[in-house]
Amino acid sequence: SQTIHQWPATLVQPVGSPLSLECTVEGTSNPNLYWYRQAAGRGLQLLFYSVGIGQISSEVPQNLSASRPQDRQFILSSKKLLLSDSGFYLCAGRTGVIAGELFFGEGSRLTVL
Amino acid sequence: QQPVQSPQAVILREGEDAVINCSSSKALYSVHWYRQKHGEAPVFLMILLKGGEQKGHDKISASFNEKKQQSSLYLTASQLSYSGTYFCGTEINRGSTLGRLYFGRGTQLTVWP
């Protein structure tokens, strides 16, 4: 079965500091990968979408970026965090472009102070 | 791109029924339903593809009206374990964005004994 490992699970960062969240996928190859952010009362906001190595589509032009250096590795980064970056970040994967369910990682809770 | 869910919150007694609605202003290829417990990742419930199909899983079922770009999730004879936040995710029927899943703000369901 497909699983996503995501880390770190929790982090507290000061404003202006860098960020790196990482997820790796097991159990499938060439998945579509997603980064979502969940802020309080805001639902799941799609941040980035990737269909393959080096192929990243950005949904939200903020101070976040994503990279996919390997087929089953997806990284979310920021050079300088803002207070508004706080939230619950979820990495998700999907086998096939369409008609497949998303499987999620455990999530990373980020608090920016 | 984000679908609209209603109601925002539902409170039920065990054994009662509930309906959660999801609508989009875009033509949809598919609708997904997920349930999330507090602090956890969302868990997949079902996918409905265009074609007006209806699906069921135990006492949870859903319908998809592609002409109206609407989907409804039906929970019958609710159980305590049904408590959580329900999200619909929509996949827009357009080549450039196919594969991207956009989620609503969620419906918080609370079931009391």
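Naming convention: chains lettered A, B, ... in sequence-line order (proteins, then strands); numbering from 1 in each chain. No experiment lies behind these values; they were computed from the predicted model shown.
At a threshold of 4.5 Å between side-chain heavy atoms, the hydrophobic network of Ile, Leu, Val, Met, Phe, Trp and Tyr places W35(A) and I53(A) in two separate groups. Note: the hydrophobic cluster containing V25(A) does not contain W7(A) (ILVMFWY, side chain heavy atoms under 4.5 Å, direct or indirect links). Y49(A) and I75(A) end up in different hydrophobic clusters when Ile, Leu, Val, Met, Phe, Trp and Tyr side chains are linked at under 4.5 Å. L73(B) and L80(B) fall within the same hydrophobic cluster, defined by Ile, Leu, Val, Met, Phe, Trp and Tyr side-chain heavy atoms under 4.5 Å apart, directly or through other members. Clustering ILVMFWY residues whenever any of their side-chain heavy atoms sit less than 4.5 angstrom apart, transitively, puts I56(A) in the very cluster that holds V60(A).
For K37(B), the NZ atom counts as densely surrounded, since its 6.0 Å shell holds more than 12 non-hydrogen atoms of other residues, nucleotides or ligands. For Q13(A), the CD atom sits in a packed shell: over 12 heavy atoms of surrounding residues, nucleotides or ligands are nearer than 6.0 Å.
With rounding to the nearest 0.5 Å, the separation of OH in Y34(A) from CZ in F103(B) is 9.0 Å.
Contact of Q38(A) with chain B is made through the side chain alone, with heavy-atom distances under 4.5 Å. Q36(B) touches chain A through its side chain: at least one heavy atom from C-beta onward sits under 4.5 Å away, while N, CA, C and O do not. Heavy-atom distances place the side chain of Q2(B), and not its backbone, under 4.5 Å from chain A. L46(A) touches chain B through its side chain: at least one heavy atom from C-beta onward sits under 4.5 Å away, while N, CA, C and O do not.
Here the closest non-hydrogen pair linking I47(B) and G100(A) is CD1-C, 3.4 Å.
For residues 102-113 of chain A, the interface with chain B (any heavy-atom pair closer than 4.5 Å) comprises L102(A), F104(A), G105(A), R109(A), sorted by residue number.
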